[in-house]
**Q** 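Let me give you the structure first, and then I'll get to my questions.
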Amino acid sequence: MRNDTPAPVQLKDYAPPPYLIETVDLDVDIRPSATRIVATLAGVRNPAVPGVHPLALDGEDLETISVKLDGRLLQADAYQLNERQLTVNDLPERFTLETCVSIQPDKNTQLSGLYRSRDGYFTQCEPQGFRRITWFIDRPDVMARYSVTIHADKADFPFLLCNGNPAGSGDEPDGRHYATWEDPFRKPSYLFALVAAKLDVLRSSYRTRSDRDVQLAIYVEPGKLDQCGHAMAALKKAMHWDEETFGLECDLDHYMIVAVGDFNMGAMENKGLNIFNTKYVLARADVATDTDFENIDRVVAHEYFHNWTGNRVTCRDWFQLSLKEGLTVFRDQEFGADTHSRETARIREVRGLRAAQFPEDAGPMAHPVRPASYLEINNFYTATVYEKGAEVVRMIRTLIGSEAFRRGMDLYFERHDGQAVTCDDFVAAMGDAAGFDFTRFMTWYSQSGTPKVISRGEYDADARRYTLMLTQSCAPTPDQPEKAPYLIPVAVGLVAPTGDDLELGDQGIHDANTRLFTRVLQLAEAEQVFIFDNIPVAPVPSLLRNFSAPVVLEHDYSEAELVHLLAFDSDPFNRWEAGQRLFGRLIRRAVISLARGEAVDWPDSVIEAARKVLVGPGEPAFIAEVLTLPGEATLAEQMEVVDPEVLHTARNGLANCLASGLEGELVRLYSTLAPIGPYQPDTAGAARRRLRNLCLSYLNELDSAEYLALARQQFDSADNMSDQFAALTVLANARADVREQGKAALAAFYERWQHEALVVDKWLSVQAGSRLSDTLARVESLTRHPAFDIRNPNKVYALLRTFGANHRNFHAADGSGYRFLAGLIARLDPINPQVAARMARSFDRWKRFDAEHQGHARAALQGLQQQAGLSSDVFEVVNKALAP
């Protein structure tokens, strides 16, 4: 057990750096045995910090060869050096410091800093990887201009890339060569990027609205050039969208994307040289699903949008991480909605928020959008910072309206271009542009937890008045036992018995969309009452339209009212929400019956409601979303104590009920939606495939040999990965007496695709996510399969993270799932602590289960806690999970 518990870093302790670095000149000599880096820093005292202070540089796993100050070699007694810091005293106001270090990227399994992958050398410097390359003030508020020269073997590493513009290249003795890059923009060290590799490249260009040509290039592993066309198209779409939507133009002469198979994250926005996980670049109809194509659109756009929201204006410190991430997620969400389907995009965003961020808010790692402290910053790249941060930005737009929000963005860049700033600076620009006081809104940045809003409505027929009473609260979290009220925008519509929206008139309430049928109420107190006059009939309230705030809403809807909203609500999100509430209520009711040993009675009304949706006039993508049942993890968050086996049985029972009641309609729709031409990754085609594959999944709840054969036929004949993988998922979950068919399909799939790494990831994940009772045994055997590599994050995520999210099998009653994953985390931690910590997050909600489950989970966590040499990444997660 570790006894050197690191001290947390506190937001309140922030102080500006005593020195600034104006320029950085790097000379990087890459060799297999060791890489030598000479860094020349031109520094100056920070005028904002009075007095004379020592210069403290950050470093990790560096072998220091020499230190020079203003050209003079310093002896060892002229500076202080330890494993993490190089300190130089008595510096003049301006100075040049040169350090020479040796690092070993070939042995860097953490994939942070400079590391070796199969095709070459790559970097990942966010948040604190640059200190693993050279000594530096490694913090985001130190921004410098970089000039970099890279030397490497020409045959093995023909491409030498860095941020900025090429400034020279040439051959060197012994078959080596060099390239020099100069970045004209000041940037923090976390945005530094370098690549030396053997790759294939797709080149193109983009003409900006000011008639500048930007040279575009996407670099991929050899042989994958035919899989990066979609990513190039996505980049151009994103560039055009940002010009049209926010008036933001690419400021670079060269914009490069490099894909690598060994990468801890999804992608990284390094200025002009984005480094991506191959998962978000490579796509072809036969190897990528519709979801993959859409994710590539979103991630390519996200990293491009960072060029302004993250690079041109960056965060002052890591507590402000959501300044760039929350804002940029919001921007990529809007791009995705405009590019694909706005109504289903919002549904998927909220589905993901409830599955990942709501449990985080209620768990041991709960933290505000702007955390007050952290032990290990890598652990705060979370759904709260990203997705809840995006919801906070969305609420700002809802409160002030789209036009004022655009003015606020313009003002933000006008004030802060080229600066490292805070979340307060962003909100101040919005408030000043709109004339809106956001003082009370800032609670969203400073408090953790998910607020609960309870709604109650009354209709007075004589007065033609509808009264809506709203109360808000927020449960204590480990970091904050008491909560202040939030400013919550609650978008409300009133639906008449005819299904029409009632006109609300001018109620004196701010309306972000200037519509007469939806009002945005500002709930700022613990309790508030809102009056709607001239309402001719008793309405059904449509509350929190478009999910106007990330809260849990409780309203005592009757089953008939939910069916009414599902059929008629003009807000697509709330139509979907009505179905989710209806399904969730029935499943929770079934859990109670099953726990008592009673039979479950599913009402005919739910089948009729689903039938109306299935055969109704809606778009296929929307129908598919409505008829997708809430996930088990989401349902578990709505329960006091969770029995995962009973919950699993109840949810599957409703699926079987719907399949039985709708069998004829499902068969007809499956046939109607059959492919009518070659595969195209467009929105309409993807929607048809999504609904057709949902029909196939429901039909196979009936345990029919006929429908299992239908799945095998689709598996064998599909001309695209979306349809083939959907069929494989059905087959991999086939019941025990036909298990051989599933095994045969899995074997055929692997035989065909074993040389496509990303497809093999799908093969691993479909087995780890299986609901069958032998899943753990299969996953254990897969950890020894040649397809699995514990050093590769994608393989770990595909197999282990998927298993950790398998609600039934990870939470097995005998604790076997807990023991297995804890053992793998212990193995992984010395190799890659960032990834190990993400796996440990699977234990976040262990206290929601019964005493037997808790006992097993506690034992597994305590075993991890006592591991010798446990990283700070995993230590923080485990320690917080075990805290009372």
**Q** Within the distance-only criterion (no hydrogens, no angle test), does the side chain of Q528 pair as donor or acceptor with the backbone N or O of E525 below 3.5 angstrom?
**A**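 Pair found, side chain donor or acceptor close to backbone of E525.
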**Q** If you measure from the Lys or Arg side-chain nitrogens to the Asp or Glu carboxylate oxygens, is any gap between R354 and D361 under 4.0 Å?
**A**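 Looking at D361 together with R354, the answer is no, because their closest N to O distance does not fall below 4.0 Å.
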**Q** Can any side-chain N or O of W576 pair as donor or acceptor with the backbone N or O of E625 at less than 3.5 Å?
**A**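 Yes: the side chain of W576 pairs with the backbone of E625.
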**Q** Assess, by modelled atom type and distance only, whether the side chains of E559 and S605 contain a donor and an acceptor separated by less than 3.5 Å.
**A**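 Yes, a side-chain donor-acceptor pair sits under 3.5 Å.
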**Q** Hey, are R545 and S542 close enough side-chain-wise for a donor-acceptor pair under 3.5 Å?
**A**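 Yes, R545 and S542 have a side-chain donor paired with an acceptor closer than 3.5 Å.
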**Q** Checking the side chain of Q320 only, and the main-chain atoms of D317 only, is there a donor and an acceptor separated by less than 3.5 Å?
**A**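 No.
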**Q** Check for me whether the distance between the ring centres of F530 and F532 falls short of 6.0 Å.
**A**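 Here the rings of F532 and F530 have centres that are no less than 6.0 Å from each other.
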**Q** Should the pair R394-E349 be classified as a salt bridge under the 4.0 Å nitrogen-to-oxygen rule?
**A**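 Yes, R394 and E349 are salt-bridged.
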**Q** Just checking D13: does its CG atom have more than 12 heavy atoms from other residues, nucleotides or ligands closer to it than 6.0 angstrom?
**A**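 Yes.
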**Q** Determine yes or no for a side-chain-to-main-chain donor-acceptor pair under 3.5 angstrom, with H807 supplying the side chain and A633 the backbone.
**A**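 Not at all, since once roles are kept as given, no pair shorter than 3.5 Å links the two residues.
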**Q** Are there over 12 heavy-atom neighbours, none belonging to E403, within less than 6.0 Å of that residue's CD?
**A**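 Not more than 12 within 6.0 Å, no.
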**Q** Taking R346 for its side chain and N546 for its backbone only, find out whether a donor-acceptor pair lies under 3.5 Å.
**A**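 Yes: the side chain of R346 pairs with the backbone of N546.
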**Q** Using side-chain hydrogen bond (donor to acceptor under 3.5 Å, both in side chains) as the criterion, list what pairs up with D332, not counting sequence neighbours.
**A**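 For D332 the side-chain hydrogen bond (donor to acceptor under 3.5 Å, both in side chains) partners, ignoring immediate neighbours, are R298, H302.
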**Q** With sequence neighbours left out, write down each residue that passes side chain to side chain contact (heavy atoms under 4.5 Å, CB included) with H564, or none if nothing qualifies.
**A**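 Listed in chain order: V495, V540, F568.
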**Q** Taking atom NE2 of H306 and atom OG1 of T309, what is their separation to the nearest 0.5 Å?
**A**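 Spacing of NE2 (H306) from OG1 (T309) equals 6.5 Å.
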**Q** Between the main-chain N or O of P476 and the side-chain N or O of E482, is there a donor-acceptor pair closer than 3.5 Å?
**A**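 Here the side-chain-to-backbone pair does not exist.
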**Q** List for me each residue that meets salt bridge (Lys or Arg N to Asp or Glu O under 4.0 Å) alongside D479, sequence neighbours excluded, and say none if there are none.
**A**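 Scan of D479 (salt bridge (Lys or Arg N to Asp or Glu O under 4.0 Å), adjacent residues dropped) gives none.
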**Q** Measure the shortest side-chain to side-chain distance between F335 and Q333 over non-hydrogen atoms and say whether it is less than 4.5 angstrom.
**A**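 Not touching, per the 4.5 Å side-chain cut-off.
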**Q** Output all residues satisfying side-chain hydrogen bond (donor to acceptor under 3.5 Å, both in side chains) with T314, sequence neighbours left out; order by chain, then residue number.
**A**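 Partners of T314 under the side-chain hydrogen bond (donor to acceptor under 3.5 Å, both in side chains) test: Y190.
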**Q** On a heavy-atom basis, which atom in S548 and which in A491 lie closest, and how many Å separate them?
**A**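 Heavy-atom minimum between the residues: OG-N, 3.0 Å.
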**Q** Going by the rule side chain to side chain contact (heavy atoms under 4.5 Å, CB included), which residues pair with A355 if we only count those two or more places apart in sequence or in a different chain?
**A**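 Scan of A355 (side chain to side chain contact (heavy atoms under 4.5 Å, CB included), adjacent residues dropped) gives T634.
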**Q** How about E458 and T467: does a side-chain donor come under 3.5 Å of a side-chain acceptor?
**A**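 Note: E458 and T467 side chains miss the donor-acceptor criterion.
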**Q** Side chain of N574, backbone of L543: donor and acceptor closer than 3.5 Å?
**A**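 Side chain of N574 to backbone of L543, a donor-acceptor pair under 3.5 Å: yes, one is there.
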**Q** Does a side-chain heavy-atom distance below 4.5 Å link L523 with L521?
**A**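 L523 does not reach L521 side chain to side chain.
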**Q** So does R464 have more than 12 non-hydrogen atoms from other groups sitting under 6.0 Å from CZ?
**A**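 Counting neighbours around CZ of R464, more than 12 heavy atoms of other residues, nucleotides or ligands fall under 6.0 Å, so yes.
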**Q** Any chance the side chains of H340 and E294 put a donor and an acceptor closer than 3.5 Å?
**A**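 Side-chain D/A pair, H340 to E294: absent.
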**Q** Does any donor atom in the side chain of Q447 or Y486 lie under 3.5 Å from an acceptor atom in the other side chain?
**A**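 Yes.
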**Q** For the residue pair T649 and N652, confirm or rule out a side-chain donor-acceptor distance under 3.5 Å.
**A**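 Judged by distance alone, the side chains do not pair up.
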**Q** Output all residues satisfying salt bridge (Lys or Arg N to Asp or Glu O under 4.0 Å) with K483, sequence neighbours left out; order by chain, then residue number.
**A**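 Expected list: none.
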**Q** Step through it carefully: locate the ring centre of F246, locate the ring centre of W308, and say whether they are under 6.0 Å apart.
**A**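 No.
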**Q** CZ/F319 to CZ/R370 distance, rounded to the nearest 0.5 angstrom?
**A**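 If we round to the nearest 0.5 Å, F319:CZ and R370:CZ are 10.5 Å apart.
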**Q** Can you confirm whether more than 12 heavy atoms, excluding those of E619, are under 6.0 Å from its CD atom?
**A**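 Atom CD in E619 is not crowded, with 12 or fewer foreign heavy atoms closer than 6.0 Å.
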